[in-house]
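Worksheet: the structure to be examined is printed underneath.
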Amino acid sequence: MQMTLRWYGSKYDTVTLKQIRQIPGVTGVISTLYGTAPGEVWEMDDILALKTEIEAAGLQLAGIESVNIHDAIKIGSPDREQYIENYITTLERLGQAGIHMVCYNFMPVFDWTRTELARMRPDGSTVLAYNQAAVDAIDPAKMFESIAGDMNGTVMPGWEPERMAHVKELFEMYKDVDDEKLFANLKYFLERIMPTCDKYNINMAIHPDDPAWSVFGLPRIIINKQNILRMMKMVDNPHNGVTFCSGSYGTNLENDLPDMIRSLKGRIHFAHVRNLKFNSPTDFEEAAHLSSDGTFDMYEIMLALYDIGFDGPIRPDHGRMIWDEVAMPGYGLYDRALGATYLNGLWEAIEKSHKQK
Ligand SMILES: O=C(O)[C@@H](O)[C@@H](O)[C@H](O)[C@H](O)CO
Ligand SMILES: [Fe+2]
């Protein structure tokens, strides 16, 4: 595996490449052209400028998170053809630039959903949290406003104000899209892009829905082992793979994370590894990465990745806000650096204990 950190680009991130370079064992970053809208073709010059800037700091651009999918593709409206063409052009350019892993998601309207961006934990750190009763009480059109005040002045991925201004229209457009339709639209999209992925050796890595169930009555399909295996089979190409995100699949306590990892051997192209602390099955908060701070056994998760021979990029995921840092919620430097170091420690121990046997 290659340890990486997500980085939003010098115009948007409070964390610098120099700081990332100084985290022991982090050799790459996962980035995106943050200023682009879903559906836009990425300019080659912009891709190369991003890559050059990262390499000049002594790091590798290990993959893209995300090239976002335009809603027309998820809905399956006639204008999807143009957006798929655009997506293919972007993939070709990424391939030509030597980038071989692309993360994306297929969630309608909202990317991840949280009800609090700064819940206080007993140690005084603040974290993102989710409470089902709070979601049930929110008018979806107001979801964005309800968290906008806690973003520390940043624009959060998946919650761009321009898109959120049209939330009501978006809901209307999805009204005939159920789980089956969403599966069919995903299949259509993947079949169209696979020849390009084959040509340029691009691993597509779908990110799970977060939380892993339907919110606001919208369809959600990338939520459990059964559905993800269905997706792998429906377009049975090794380039059709997944981002294994423990914090997203883990929102549903019925998901057995190490078992899911083992069942996806050869198809996990990217890993997000983080812990959650459950207060009840419908109320959870994002804990430190350490097993004992949350609900998941992080050793078992890393062991499963080791056992399947995972060799893609991995990153710590959302971190807590600690030591008075002011940054994008979930994406400060300090706690993610602790997370990376901890995950590296687990990996080293697993590797060495296997070699001794
Ligand atoms: O929760 C996060 O911050 C990320 O894991 C997602 O926003 C992820 O980048 C997207 O869903 C992938 O397209
Ligand atoms: Fe994730």
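When a ligand or atom number is given, it counts from 1 through the structure's own listing order. Quick note: numbers below take in every heavy atom, side chains included, and nothing from hydrogens, waters or symmetry partners.
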Pair Arg119 + Glu285: basic N to acidic O under 4.0 Å: yes
Taking only heavy atoms of Met107 into account, list the atoms of ligand 1 that are under 4.0 Å away from them. 11 (O)
Angle subtended at the Fe ion (ligand 2) by SG of Cys245 and OD2 of Asp317, to 10 degrees? 80°
With atoms numbered from 1 as shown, which atoms in ligand 1 lie under 4.0 angstrom from a non-hydrogen atom of Trp112? 1 (O), 2 (C), 7 (O)
Can you classify the ring geometry of Tyr334 versus Trp323 as parallel (below 30°), tilted (30 to 60°) or perpendicular (above 60°)? tilted
What atoms in ligand 1 come closer than 4.0 Å to a heavy atom of Glu65? 4 (C), 5 (O), 8 (C), 9 (O)
Show which atoms of ligand 1 fall inside a sub-4.0 Å distance from at least one heavy-atom site of Asn105. 10 (C), 11 (O), 12 (C), 13 (O)
Identify, with sequence neighbours excluded, every residue that meets side-chain contact (heavy atoms from CB on, under 4.5 Å) alongside Ala134. Thr115, Asn131
Using the test ring-ring contact (aromatic ring centres under 6.0 Å, His included), find all partners of His70 that sit at least two apart in sequence or belong to another chain. Tyr83
Do Glu286 and Arg274 sit within salt-bridge range, that is, some charged N less than 4.0 Å from a carboxylate O? yes
Atom indices of ligand 1, in the order listed, that fall short of 4.0 Å to a heavy atom of Tyr104: 13 (O)
Quick check: of its N, O or S atoms, which one does His272 have closest to the Fe ion (ligand 2)? ND1
His239 and His269: aromatic ring centres closer than 6.0 Å? no
Nearest heavy-atom approach of Arg336 to Tyr331 is NH2-O, 3.3 Å
May I ask you to check if any N/O/S atom from His318 comes under 2.8 Å of the Fe ion (ligand 2)? no
Is it true that Cys103 lies under 4.0 Å from ligand 1, counting heavy atoms only? yes
Part of Ser248 within contact of ligand 1 (heavy atoms, under 4.0 Å): neither
Which of the numbered atoms in ligand 1 are under 4.0 angstrom from any heavy atom belonging to Tyr331? 2 (C), 3 (O), 4 (C)
Mutual orientation of the aromatic rings belonging to His354 and Tyr306 [parallel < 30°, tilted 30-60°, perpendicular > 60°]: tilted
Between Glu65 and Ser31, does a side-chain hydrogen bond (donor to acceptor under 3.5 Å, both in side chains) hold up when you go through it step by step? CA-CA 6 Å; Glu65 177 177 357; Ser31 193; over 6 Å; no
Considering the heavy atoms of His318, write down every atom of ligand 1 situated less than 4.0 Å from one of them. 1 (O), 2 (C), 3 (O)
With under 30° as parallel and over 60° as perpendicular, where do the rings of Phe216 and Phe171 fit, or are they tilted in between? perpendicular
Please confirm whether Asp111 comes within less than 3.5 Å of ligand 1 when only nitrogen or oxygen atoms on both sides are compared. yes
Test of proximity, Arg6 against ligand 1: N or O pairs below 3.5 Å: yes
Subset of ligand 1 atoms that lie under 4.0 Å from at least one heavy atom of His272: 5 (O)
